[in-house]
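Residue numbers run from 1 in the order of the sequence given.
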Amino acid sequence: MKIAVTYENGDVFQHFGRTQEFKVYDVEDNKVVSSRVIGNDGLSHGALGEILMREGVEVFICGGIGGGARQMIESRGIKLLPGVHGNADAAVDAYLAGNLEYDPNTSCHEHGEHHNCTHSCH
């Protein structure tokens, strides 16, 4: 299984459409066997889903995410876990242990300087 996380300086990055990096984890027998950080290929928003598809991601952990991106990811059969904060490695470990805290209703409605999020993005 492959798990991807929006990534910045070791933490879950809080804006899917602005993420510059993903950390991709290869999991076997419910344990991380390898991981690597990949760039966003200069893409944003909907096009970022193509990176997840290319990497064969099955589970995606992130902070805030807009409705269109949410639909795009879910329509590709990727399990979406938004509203996650803190260390990316710890989030993946918590997911594998069955106790990841996330908010399925997390969303971002605008991405400008004065955006409106239903999560703590600062």
Side-chain angles (χ1 to χ4, degrees):
M1 166 174 55
K2 285 193 179 183
I3 300 171
V5 180
T6 51
Y7 189 76
E8 183 180 59
N9 297 323
D11 289 332
V12 177
F13 187 67
Q14 294 301 301
H15 291 276
F16 170 75
R18 292 184 178 179
T19 193
Q20 297 295 305
E21 297 177 318
F22 296 98
K23 190 164 185 181
V24 180
Y25 301 80
D26 294 299
V27 176
E28 293 177 10
D29 297 322
N30 213 40
K31 293 185 192 309
V32 174
V33 294
S34 67
S35 65
R36 67 191 186 292
V37 176
I38 61 172
N40 72 355
D41 294 341
L43 303 173
S44 65
H45 292 94
L48 290 172
E50 297 307 314
I51 295 171
L52 301 177
M53 292 297 295
R54 179 184 70 217
E55 292 293 323
V57 170
E58 298 170 60
V59 176
F60 181 57
I61 298 170
C62 64
I65 187 166
R70 174 188 297 271
Q71 290 176 337
M72 176 270 306
I73 289 169
E74 291 174 338
S75 73
R76 287 170 167 78
I78 298 171
K79 181 176 183 174
L80 176 62
L81 303 169
V84 176
H85 300 274
N87 182 271
D89 294 347
V92 170
D93 289 343
Y95 172 75
L96 294 173
N99 59 14
L100 177 66
E101 291 185 24
Y102 69 99
D103 180 357
N105 299 314
T106 297
S107 65
C108 284
H109 304 292
E110 296 176 34
H111 295 337
E113 185 176 326
H114 301 288
H115 64 276
N116 178 18
C117 295
T118 61
H119 66 108
S120 173
C121 57
H122 302 291

Any link between V37 and V24 through a network of hydrophobic side chains (Ile, Leu, Val, Met, Phe, Trp, Tyr) touching at under 4.5 Å?
no

Are the side chain of R76 and the backbone of E50 linked by a donor-acceptor contact shorter than 3.5 Å?
no

What distance separates E21 CD from E8 CD, expressed to the nearest 0.5 Å?
8.0 Å

Just list the side-chain donor-acceptor pairs under 3.5 Å for residues 86-93, sequence neighbours left out, or say none.
| residue | atom | partner | partner atom | Å |
| --- | --- | --- | --- | --- |
| N87 | OD1 | D89 | N | 2.9 |
| N87 | OD1 | A90 | N | 2.8 |
| N87 | ND2 | G10 | O | 3.4 |
| D89 | OD1 | K23 | NZ | 2.9 |
| D89 | OD1 | Y25 | OH | 2.7 |

Worked verdict on F60 versus T6 for side chain to side chain contact (heavy atoms under 4.5 Å, CB included):
CA-CA 8 Å; F60 181 57; T6 51; 3.5 Å; yes

Given 3.5 Å as the limit, does a donor-acceptor pair link the side chain of Q14 with the main chain of V84, or not?
yes

Determine whether I61 and Y102 fall in the same hydrophobic cluster, where Ile, Leu, Val, Met, Phe, Trp and Tyr are linked whenever their side-chain heavy atoms lie under 4.5 Å apart.
yes

Find out whether L52 and K2 are in side-chain contact, i.e. whether some heavy atom of one side chain is under 4.5 Å from a heavy atom of the other.
no

Working to the nearest 0.5 Å, report the span between CE of M1 and CD of E28.
10.5 Å

Which of I3, L96, D26 passes side-chain contact (heavy atoms from CB on, under 4.5 Å) with V32? Answer is L96

Can you check side chain to side chain contact (heavy atoms under 4.5 Å, CB included) on F16 and I73, steps first, answer last?
CA-CA 11 Å; F16 170 75; I73 289 169; 3.9 Å; yes

Supply the atom-to-atom distance T19 OG1 to Y7 OH, rounded to the nearest 0.5 angstrom.
11.0 Å

For the student: nearest non-hydrogen atoms of C62 and L80, plus distance
SG-CD1, 3.9 Å

Output the distance between atom CD1 (I65) and atom OG1 (T106), rounded to the nearest 0.5 Å.
10.0 Å

Distance (rounded to the nearest 0.5 Å) between L81 CG and E101 CD
12.5 Å

Looking only at heavy atoms, what is the nearest atom pair of M72 and G49, with distance?
SD-CA, 3.4 Å

Can you check whether N9 reaches D11 side chain to side chain, under 4.5 Å on heavy atoms?
no

Non-hydrogen atoms of Y95 and V59 that approach each other most closely
OH-CG2, 3.5 Å

